[in-house]
Amino acid sequence: MAVIVQKFGGTSVGSTERIKNVARRVARWQAQGHEIIVVPSAMAGETNRLLALAREISSSPDPRELDVIAATGEQVTIGLLAVALHELGLKAKSFTGPQVRVLTDSTFTKARILKIDQERMRKALADGNVVVVAGFQGADEHGNITTLGRGGSDTSAVALAAALKADECQIYTDVDGVYTTDPRVVPEARMLESITFEEMLEMASLGSKVLQIRSVEFAGKYKVKLRVLSSFADEGEGTLITVEEKRNMEQAIISGIAFNRDEAKLTMLGVPDRPGIAYQILGPIGEANIDVDMIIQNIGRDGTTDFSFTVNRNDYRKALGILDQIRQSIGAREIAGDNTICKVSAVGVGMRSHPGVASRMFGALAKENINIQMISTSEIKISVVIEERYLELAVRVLHKAFGLEKPPKATLGLTGRGETDIISPA
Ligand code: ADP
Ligand code: ASP
Ligand code: MG
């Protein structure tokens with residue numbers, strides 16, 4: 001007998017028919033003798049609808065109240081799912097996040113889980129119930145309802161699995177698993193049997209929203225066995241997120257292409273080239289709680305330089321306003337901004353040991369006349385900022401340039417780590 005946490009995303013619980021399907025799937029697992037904890041999201045589109053209602057009343061609603069509103073979406077689906085399970089003759093009990101004491105900090109709309117009380121869940125399981133817990137929500141130490149950020153049910157599920165020391169956490173969604181890139185953009189994208197935590201973390205933080213970043217962090221930290229699979233298919237093992245990097249013949253250099261549209265670029269031109277300038281520009285941006293992603297400072301010329309950085313598109317206007325305020329005191333010439341950019345990234349642990357990934361990436365983009373505006377790299381990823389209108393094209397050509405549509409063995413003819421340069425010319 002195993003303890004299994006099963007999370008179902010918005011599309012998977014998008015109608016009462018689908019909720020009944022989820023109940024049937026849960027029943028099959030329970031019939032095999034497993035203890036099941038189910039974590040549903042709100043019905044597809046519901047969280048957006050709820051948040052939009054608040055914005056019809058106020059342009060800047062209190063985040064505490066936004067959480068009170070948004071958390072209702074999941075309260076509906078836990079109740080409906082419990083009723084659907086009862087209809088199948090199963091014992092089931094639903095709980096909101098605060099009821100099972102998912103304790104979070106007080107950062108409304110993007111709270112972090114601090115602790116989960118197992119007692120009520122254990123008792124309900126011991127009584128033979130399927131335990132249905134609302135994703136995306138918790139409560140802070142004062143009893144205020146909190147939510148975990150968009151896509152946060154993934155994190156709820158992984159955190160519950162960690163707390164209960166579950167044997168597996170299964171994330172059921174509307175695709176069969178984690179693909180080499182978003183299959184909606186590249187139909188030839190291939191499902192991965194496994195991907196390392198490190199790679200999944202990069203993919204998620206670079207824009208692949210199939211898993212919320214924090215859920216991957218959590219799973220890595222607490223060693224939760226995490227699997228992504230389809231709630232619509234009856235078969236299939238999905239994608240396993242693994243700790244160990246596979247060091248065998250099938251190790252690909254690049255595991256996937258991620259992209260993010262929510263980007264904007266700001267540039268301060270003609271900045272005096274003296275110590276402390278980066279701090280003077282980015283200090284006020286940080287104080288305004290704006291996250292900065294890529295940063296580029298050009299080589300100084302005639303005593304001045306240009307300084308560019310990217311932020312989330314939602315913070316673009318605010319960041320532009322701040323730069324405008326500090327421009328004069330810094331003595332910079334001019335400010336420029338662009339919120340029609342995007343970021344495309346190649347991710348793979350294999351690039352650690354194989355040179356030539358960057359040149360292959362840049363070559364593929366050059367061939368399509370796609371101009372690279374910024375570049376950033378780490379050990380296992382290369383990201384470029386390009387014009388948003390080239391996003392789909394860039395993702396498609398990079399997917400092809402790295403042969404991701406074919407299984408790694410056939411594409412790359414790997415002979416072992418470092419023995420040959422496995423990136424052959426295109
Ligand atoms: P859920 O509501 O089940 O949480 P999400 O919409 O949050 O579902 O995540 C699933 C979606 O993630 C897919 O429909 C797919 O379009 C998108 N996606 C983006 N990148 C990838 C990827 N690399 N592999 C699989 N799906 C991806
Ligand atoms: N319902 C929440 C959202 O739409 C949480 C989730 O679906 O994971 O963001
Ligand atoms: Mg999701």
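Note that ligands are numbered from 1 as they come in the structure, with each ligand's atoms numbered from 1 the same way.
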> Asp262 pairs by salt bridge (charged side-chain N to carboxylate O under 4.0 Å, His left out) with which of Arg313, Arg150, Lys343, Lys209?
Replying inline: Lys209
> Would you call Val39 and Leu160 a side-chain contact if the rule is heavy atoms closer than 4.5 Å?
Replying inline: yes
> When the ring planes of His34 and Trp29 are compared, do they come out parallel, tilted or perpendicular, using 30° and 60° as the limits?
Replying inline: tilted
> Looking only at atom types and distance, does a side-chain atom of Asp127 sit under 3.5 Å from a main-chain N or O of Asn129, one as donor and one as acceptor?
Replying inline: no
>> I'd like to know if the side chain of Glu388 reaches the main chain of Cys342, judged simply by a donor and an acceptor atom lying under 3.5 Å from each other, with no hydrogens or angles considered.
In response: no
>> Testing Ser383, Ser205, Ser208, Ser376 one by one against Ser345 for a side-chain hydrogen bond (donor to acceptor under 3.5 Å, both in side chains), which residue passes?
In response: Ser383
> Looking at residues at least two apart in the chain, or sitting in another chain, which of them share a ring pair (Phe, Tyr, Trp, His ring centres under 6.0 Å) with Phe218?
Replying inline: Tyr222
> What residues sit with at least one heavy atom under 4.0 Å from ligand 1?
Replying inline: Lys7, Gly9, Gly10, Thr173, Asp174, Val175, Gly177, Val178, Tyr179, Thr181, Asp182, Pro183, Arg184, Met203, Ser208, Lys209, Val210
>> Show me the pairs that pass side chain to side chain donor-acceptor pair (under 3.5 Å) and involve residues 66-92, at least two apart or across chains.
In response: Asp67-Thr147
>> Just to be sure I understand the cut-off, which residues have at least one non-hydrogen atom under 4.0 angstrom from an atom of ligand 2?
In response: Ser41, Ala42, Thr47, Glu74, Phe136, Arg150, Gly151, Gly152, Ser153
> Under the salt bridge (Lys or Arg N to Asp or Glu O under 4.0 Å) criterion, do Glu46 and Arg49 qualify, and how do the steps go?
Replying inline: CA-CA 5 Å; Glu46 183 61 8; Arg49 189 186 73 84; 3.0 Å; yes
